[in-house]
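None of these values were measured; they are calculated from a predicted model. Just follow the structure's listing: the first ligand is 1, and inside any ligand the first atom is 1.
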Amino acid sequence: MNPERLPLIAGNWKMNKGPAAAGEFAQALVHELSSIDDREVAVFPPFTAIPAVAARLRGSAIAWGAQNMHWEDSGAFTGEIAASFLVELGCRFVIVGHSERRTLFGESDTDCNRKILTALQAGLVPILCIGESLAEREAGTTSTVIEQQLAAGLAGVNPNAELVLAYEPVWAIGTGRTATPTQATAVHAQIRNWLRRQIADSLANRTRILYGGSVTPESIDALMATSEIDGVLVGGASLHIERFCRIVRFQS
Ligand code: PGA
């Protein structure tokens, strides 16, 4: 972590926890984390559980967000959710371009870019996920892939915007294989340099870059000890109260 950027610990629940279970979990989080003020915490329930989570978290320091959204404001888009619906539920964040959305649901960089621009306009803070596959890493193309995802995903973004980036190597997601702090730091530094070169110094200095991929209570402290990692996006371990709270309470 770097003292200039408030660390962000985000829990992506994916397709887990319906409204009842999510509400109970949120209540437990409020109880466990009431005294946390030097780091930001956010959870990402499924759409249908957002109201139950919001009801418990409102007035606490814990934020909530959605795992996806559509770029249009309204219309004939069966099964989709507009940014304004998320704002109405008090969401602060929205995840865009998670690798599961890209690989399982065919989301392109262009789709991600539309979502980013719409989210920003609606007042949401988008968390753009980027990352290379195992084949891409082994072929030595990690930096090309990352820069391509950044260029396409962030096209037209205002340098004053508040957004978050999440570096999530696809080979580390849900596999139990966490990137080492050295591997993550190398890519994070490259992402920050890209922001500096292509958009603005101020955006590069201010933007939080999270690491995601099999983060656990065992791996968190070493990851957060590096100055390039500003937080984490946690999947599996965010579903267990003790494990998630231990990650939130990282020591660097
Ligand atoms: P994981 O998921 O922590 O279960 O690897 C991370 C993510 O997909 O954001």
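- Counting heavy atoms of neighbouring residues, nucleotides and ligands inside a 6.0 Å radius, atom NE2 of H240 exceeds 12 of them.
- Side-chain contact between R208 and E162 is present, with heavy atoms from C-beta onward closer than 4.5 Å.
- When each atom of ligand 1 is checked for a heavy atom of S214 under 4.0 Å away, the hits are 1 (P), 3 (O), 5 (O).
- The closest approach between A237 and ligand 1 stays at or above 4.0 Å for every heavy atom of the residue.
- Near I173, meaning under 4.0 Å from one of its heavy atoms, ligand 1 places the atoms 2 (O), 5 (O), 8 (O).
- Within the set E168, Q67, H98, E100, the minimum heavy-atom distance to atom 8 (O) of ligand 1 is found for H98.
- More than 12 heavy atoms of other residues, nucleotides or ligands shown are found within 6.0 angstrom of CD on Q198.
- Ligand 1 is approached by A172 to a heavy-atom distance shorter than 4.0 Å.
- S202 is not listed as a side-chain neighbour of N205, based on a closest heavy-atom distance of 4.5 Å or more.
- Of all the atoms in ligand 1, the ones that sit under 4.0 Å from a non-hydrogen atom of G213 are 5 (O).
- In terms of protein heavy-atom proximity, atom 4 (O) of ligand 1 is closest to G236 N, 2.8 Å.
- For atom 6 (C) of ligand 1, the nearest protein heavy atom (residue, atom name, distance) is G235 N, 3.5 Å.
- More than 12 heavy atoms of other residues, nucleotides or ligands shown are found within 6.0 angstrom of CD on E72.
- Nearest heavy-atom pair across I247 and V215 is CD1-O, 4.0 Å.
- Using a cut-off of 4.0 Å between Lys/Arg side-chain N and Asp/Glu carboxylate O, D109 and R102 are scored as salt-bridged.
- A heavy-atom separation below 4.0 Å is not found between G212 and ligand 1.
- For R206 (side chain) and A161 (main-chain N/O), a donor-acceptor pair under 3.5 Å exists by modelled atom type.
- Where the criterion is an N or O separation shorter than 3.5 Å, residue side chain and backbone included, K14 meets it with respect to ligand 1.
- Between G174 and ligand 1, an N or O atom pair is found at a separation short of 3.5 Å.
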